Amino acid sequence: MRQSYLKNAALLTGSDVVLRLAGMGLRIYLANALGGEGMGLYQLVLAVYSLFVTVATAGVSAASTRLMAEELAGKPARARGMLARLCAAALALGLAAMAGQWCLAPLAARWWLGDARAALALRAAAFGMPFMALAAVLRGFFVARQRVGPNVASQLAEQAFRMGVMAAALTLTEGRDVGVRCAVVLGATAASEALSAVLMAVFCRREAPRAFGHDRAEPPREAGRRLWEILWPVGGGRCVSSALHTAENMLVPACLTVYLGQRSAAVTQYGNLKGMALPLVNFPFGLLGSLGVLLMPEIARAHLRDDRRRLEALLGRMLKLTMYVSALAGAVFWVWGRPLAAALYGSAEAGAYLEILAPAMPLLYLESMVDGAMKGMGEQKAAFRYGVWDSILRIAGVALLLPKWGMRGFLLVMILSSLFTCLANTRRLLAAAGLRPDWLDWAAGPLLAAGAAALAGWGLRQALAVPLAADRGVQLLAVAAGGAGMCAVCLAAGWPLGLGAELREACRPQGMGGKAESSGHRL
């Protein structure tokens, strides 16, 4: 398929930004509609809900993308058979997760969350699990086909439907108990997942003749074993990570309470970091998340064909572009972190966290990108091992450092955790690909360009000192103008340092893999 990666990346990135902005707006609306008590109950429900979502969907999308990419490169009838088996496995996982959450809802609400009112919301949310799992498989199929339009359309429709149903349901239940209102919010989420799955099924039915022809499905080679080899390390790793992450979330406020002496102060600090600073840190990752989604099937194909030159081009370009985006994002938050947090939240503490985390953003972003590339090369078992060790070390670090150092200790744990997983995963990825690290080529240009942008940003911050002292609306405009100026400087400085060449290659019909002539394959 000769679809341009630039077009796909732009579509994915644009939709991701829209969805993230809509999600932020929805969270603000829910906080106003539910109030403090209702929002607290909603967050408690999400803690259990996320565990069962992991059971239903973890590994399913990755398995679909990789296995469909492999089968579509061969016999279409076997690819059709593989998609049917993937859908059956997803439905089985989704139904199991739904049954588990429904049956355990009263027990989890009373003994884990400490609020029996959460049971109704947990049961309402359970109905979305099978639809969520099925949609994950179909999205993986379209990624393997290098068609992102159906995925984007279904996600936008899902979010719009969710917002509309939630607003209507909350209006109709105004004045009711917060448990009931949380239940209708989670019920709207389940209904939106059903709509998304139906839309994806319609898109898949239209795509099937082009993807599989009109041949009947044939059993793919060793489908069960290949599916299991992806599902158990990816799904198992995410389930373990989700459970450990939940334990960490329960441990951090407790350890901060030991340090501060007050539970309310500990929860406030934790909320400023998790609820304010980290969503901003993760927001620019939409630029790279789209790239990772598009790269995974290409990396799988290159690895399957043992095309070393193409694989080297794919991985080198991924690492270099990740460094450009993450270094620029880190520079922007280092310069504008405090004004941005003040404009959005009125919180100086959240701004301080942004400044501290800014230099570590290349580690944070590279860790996630390398993890996706490893799964594309079949190294999910190694990623699973590193993830489990990372979670264990994080919990140990929280228990040891937070009672003595407070939030400074938690920030140190986060940075050391990213350093460990980034180095371990990158080392394994390069070894599996048979490549030697070329950090000078991958990092020198991005760091120089980001440094130039940071210097320009400090000058812009001094020039915009008066608007930054005004009300929040003017502050936000000033921060936006300063950030845009830094992006322009980084682009201008990075273009002759290799960024221009990478973007030109991304515009080629063969996408991220470089010239078709050099690899000998036309995908």
Side-chain angles (χ1 to χ4, degrees), residues 20-21 23-25 27-28 31-32 36 39-40 43 249 252-285 326-364 398 401-415 418 450 453-487:
R20 286 172 182 258
L21 289 173
M24 290 176 63
R27 298 281 292 189
I28 294 171
N32 292 325
M39 200 63 183
Q43 289 297 128
N249 283 337
V252 170
C255 291
L256 282 176
T257 302
V258 174
Y259 176 77
L260 296 171
Q262 290 184 340
R263 176 76 178 182
S264 59
V267 173
T268 298
Q269 283 194 4
Y270 189 61
N272 286 337
L273 176 65
K274 287 282 189 172
M276 296 182 184
L278 286 184
L280 291 175
V281 168
N282 292 328
F283 189 85
F285 188 74
S326 60
L328 172 61
V332 170
F333 285 123
W334 185 57
V335 174
W336 298 100
R338 288 182 186 269
L340 179 60
L344 291 177
Y345 308 120
S347 172
E349 186 177 343
Y353 295 151
L354 288 175
E355 285 187 355
I356 294 171
L357 292 174
M361 288 185 69
L363 292 175
L364 297 172
V398 167
L401 297 181
L402 267 67
K404 296 180 179 180
W405 294 355
M407 187 55 74
R408 292 176 299 169
F410 188 48
L411 292 171
L412 179 61
V413 168
M414 290 177 59
I415 293 172
S418 296
L455 290 175
W458 278 114
L460 289 170
R461 183 169 171 176
Q462 297 300 319
L464 295 171
V466 174
L468 289 174
D471 59 60
R472 289 188 181 181
V474 177
Q475 283 181 339
L476 193 57
L477 290 175
V479 171
M486 289 182 65
C487 292

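Just so it is clear, the model here is predicted, and its values are computed rather than measured.
- What you find for Ala450 and Ala331 is that their closest heavy atoms are O-CB, 3.8 Å.
- Of all non-hydrogen atoms in Pro362 and Ser326, the two that sit nearest each other are CA-OG, 3.3 Å.
- For the pair Leu357 and Phe333, the minimum side-chain heavy-atom distance is 4.5 Å or more.
- For Pro359, there are no side chain to side chain contact (heavy atoms under 4.5 Å, CB included) partners at least two apart in sequence or on another chain.
- Under the ring-ring contact (aromatic ring centres under 6.0 Å, His included) criterion, Trp458 pairs with Trp334, sequence neighbours left out.
- In this view, Val258 and Pro403 satisfy the side chain to side chain contact (heavy atoms under 4.5 Å, CB included) rule, not counting sequence neighbours.
- Rounding to the nearest 0.5 Å gives a distance of 11.5 Å between CG of Leu401 and CG of Leu411.
- Residue pairs meeting the side chain to side chain donor-acceptor pair (under 3.5 Å) criterion with at least one partner in residues 348-359, sequence neighbours excluded, are Asn272-Glu349, Arg338-Glu355, Glu349-Tyr353.
- Nearest heavy atoms, Leu460 versus Gly485: CD1-CA, 4.1 Å.
- Between atom CD1 of residue Ile356 and atom CG of residue Leu412 there is a gap of 10.5 Å, rounded to the nearest 0.5 Å.
- A salt bridge (charged side-chain N to carboxylate O under 4.0 Å, His left out) check over residues 478-487, counting only residues at least two apart or in different chains, returns nothing.
- Taken to the nearest 0.5 Å, the CG atom of Leu364 stands 8.0 Å off from the CD1 atom of Ile415.
- The side chain to side chain contact (heavy atoms under 4.5 Å, CB included) check on Val332 picks up Leu328, Trp336, Met486, with sequence neighbours excluded.
- Among residues two or more places apart in sequence or in another chain, the side chain to side chain contact (heavy atoms under 4.5 Å, CB included) test is passed with Ala343 by Gln475, Leu476.
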